[in-house]
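Structure incoming, see below.
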Amino acid sequence: MHIVTWNVNSLKARLPRVQEWISESHPDVLLIQETKLAQDKFPHAEMTELGYESAHFGQGQWNGVAIISRVGLDNVVQNFAPGIEPDGEARIITATCGGIQVSSVYVPNGRSLDHDHYQYKLSWLSRLRAHLDASCKQTDDVVVGGDFNIAPEDRDVYDMKAFADATHVSVPERDALANVCNFGLTDTFRQFNDEDKVFSWWDYRGGAFHKGHGMRIDLLLATPSVAARAKGSVIDRNARKERDSGKPSDHVPVILEVG
DNA sequence: ATGGTGGCTGGGCCA
């Protein structure tokens, strides 16, 4: 089973490329972030045509997360689990697909260390941990995938000097991510890949992709039972290249194969 | 190089 996370940066603008990628790669479960679609604007019919069920948590033209699956899609929960302070934005959706509880998450960017949005980011990650505590056990089959807007280690950014006093690498947010992982989740990409400077996002500006100026901020975290079944994890950097089917997202799909 | 590009829009804001 292939579980994939992909921040598509507007499913409206990206639909032809997403359809093409699905047709070529046939993921079993695709966790989508930044649909930028209102709740009722998700292209369910187009996903059905490709052989997928779909669930969307949308919010006007910003944020928006979705799950599409060809191995079942049940127990859909929008926002954090009941009992957790609900988020005001559409940034997390959870479902059961192929026996695994999967969440598609779009962690707030943070903007800058002194911005209110940074405190929102830390609070959001604290509630993500509470969501896990409330909705599953460490011994369950669970995958949390998405755009975390955090590079877990220094080797996950192109140049630490470029990130002095910046978000995505700061100690408090890395600690907040570690607190989520302390539920019992591991960064599955690192089970299989030890090399430095492998990225899942590159800025649109300044030719960042061609300069290799990126970050690895899109993660697939899994509980031990899923991690034990994992066969590999790859990042499809080809999806960042120009194609006839439209402009690329600034993020690329991250893929986890589970046996 | 305090710029640059892309997506929301319909003038800037956000990433």
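Per chain, numbering begins at 1; letters A, B, ... match sequence-line order. As a basis for the values below, the full set of heavy atoms in this structure was taken, side chains included, without hydrogen atoms, waters or symmetry mates.
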*Could you give the CZ-to-C1' distance, from Arg240(A) to dT5(B), as a whole number of Å?*
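After rounding, the gap between these two atoms is 9 Å.
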_Side chain of His117(A) - closest among dC8(B), dT5(B), dA15(B)_ =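 Ranking dC8(B), dT5(B), dA15(B) by closest atom to the His117(A) side chain puts dA15(B) first.
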*In whole angstrom, give the distance that lies between atom CG of Asn149(A) and atom P of dA15(B).*
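About 8 Å, once rounded to whole Å.
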*asked:* Please report the distance, rounded to the nearest Å, between CZ in Arg91(A) and C1' in dC14(B).
replied: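 So the CZ-C1' distance, Arg91(A) to dC14(B), works out to 11 Å.
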*For His251(A) and for Gly206(A), find the nucleotide of DNA chain B with the closest heavy atom, then tell me which residue's nucleotide is more 5'.*
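Closest to the 5' end, via its nearest nucleotide, is Gly206(A).
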*Calculate the interatomic distance between Asn109(A) atom CG and dC14(B) atom P; express it in whole Å.*
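Whole-Å distance recorded here is 10 Å.
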*Going by distance alone, is a donor N or O of one side chain under 3.5 Å from an acceptor N or O of the other, for Ser25(A) and His2(A)?*
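Looking only at side-chain atoms, His2(A) and Ser25(A) do not form any donor-acceptor pair under 3.5 Å.
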*Parallel, tilted or perpendicular: which describes the rings of Phe199(A) and Trp202(A), with under 30° parallel and over 60° perpendicular?*
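Perpendicular: the ring planes of Phe199(A) and Trp202(A) meet at over 60°.
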*Quantified in whole Å, what is the C1' atom distance between nucleotide dC14(B) and nucleotide dG4(B)?*
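One C1' to the other, the span is 15 Å.
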*For Asn7(A) and dC8(B), give me the distance from atom CG to atom P, rounded to whole Å.*
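Checked: the CG to P distance equals 13 Å.
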_Atom pair distance, as rounded to whole Å: CD in Gln61(A) and P in dG6(B)_ =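 Between P of dG6(B) and CD of Gln61(A): 21 Å.
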_Any donor-acceptor pair under 3.5 Å linking the side-chain atoms of Ser104(A) with those of Gln33(A)?_
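Result is yes, a qualifying pair exists.
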*Measure from the side-chain heavy atoms of Arg111(A) and tell me the nearest of dT5(B), dA15(B), dG7(B).*
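Side chain of Arg111(A) sits closest to dA15(B).
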*Can we call the ring centroids of His115(A) and Tyr118(A) under 6.0 Å apart?*
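Not close enough - the centres of the two rings lie 6.0 Å or further apart.
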*On a whole-Å scale, what distance lies between the C1' atoms belonging to dA15(B) and dG3(B)?*
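About 16 Å, rounded to a whole number of Å.
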*Minimum-distance nucleotide (side-chain atoms of Ala13(A) versus dC8(B), dA15(B), dG6(B))*: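 Comparing dC8(B), dA15(B), dG6(B) against the side chain of Ala13(A), the answer is dC8(B).
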*asked:* Less than 4.0 angstrom between a side-chain N/O of Arg205(A) and OP1 or OP2 of dG6(B), yes or no?
replied: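 It does not, given that no N or O in the side chain of Arg205(A) lies less than 4.0 Å from OP1 or OP2 of dG6(B).
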*Rounding to a whole Å, what distance do you find between Phe209(A):CZ and dG6(B):P?*
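Nearest whole value for this atom pair: 14 Å.
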*State, without any angle test, whether Trp124(A) and Asp87(A) hold a side-chain donor-acceptor pair at a distance under 3.5 Å.*
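Present: a donor and an acceptor within the cut-off.
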*Out of dC8(B), dG7(B), dT5(B), which has the shortest distance to the side chain of Lys247(A)?*
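Ranking dC8(B), dG7(B), dT5(B) by closest atom to the Lys247(A) side chain puts dG7(B) first.
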*Between Arg14(A) and dG7(B), does any side-chain N or O lie under 4.0 Å from OP1 or OP2?*
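It does, given that an N or O in the side chain of Arg14(A) lies less than 4.0 Å from OP1 or OP2 of dG7(B).
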_Let me spell it out: for each of Asn9(A) and Trp201(A), pick the nucleotide of DNA chain B with the closest heavy atom. Which residue's pick is nearer the 5' end?_
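Checking each residue's closest nucleotide, the 5'-ward one belongs to Asn9(A).
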_Tell me the interatomic distance from His115(A), atom NE2, to dA15(B), atom P, rounded to whole angstroms._
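These atoms are roughly 8 Å apart.
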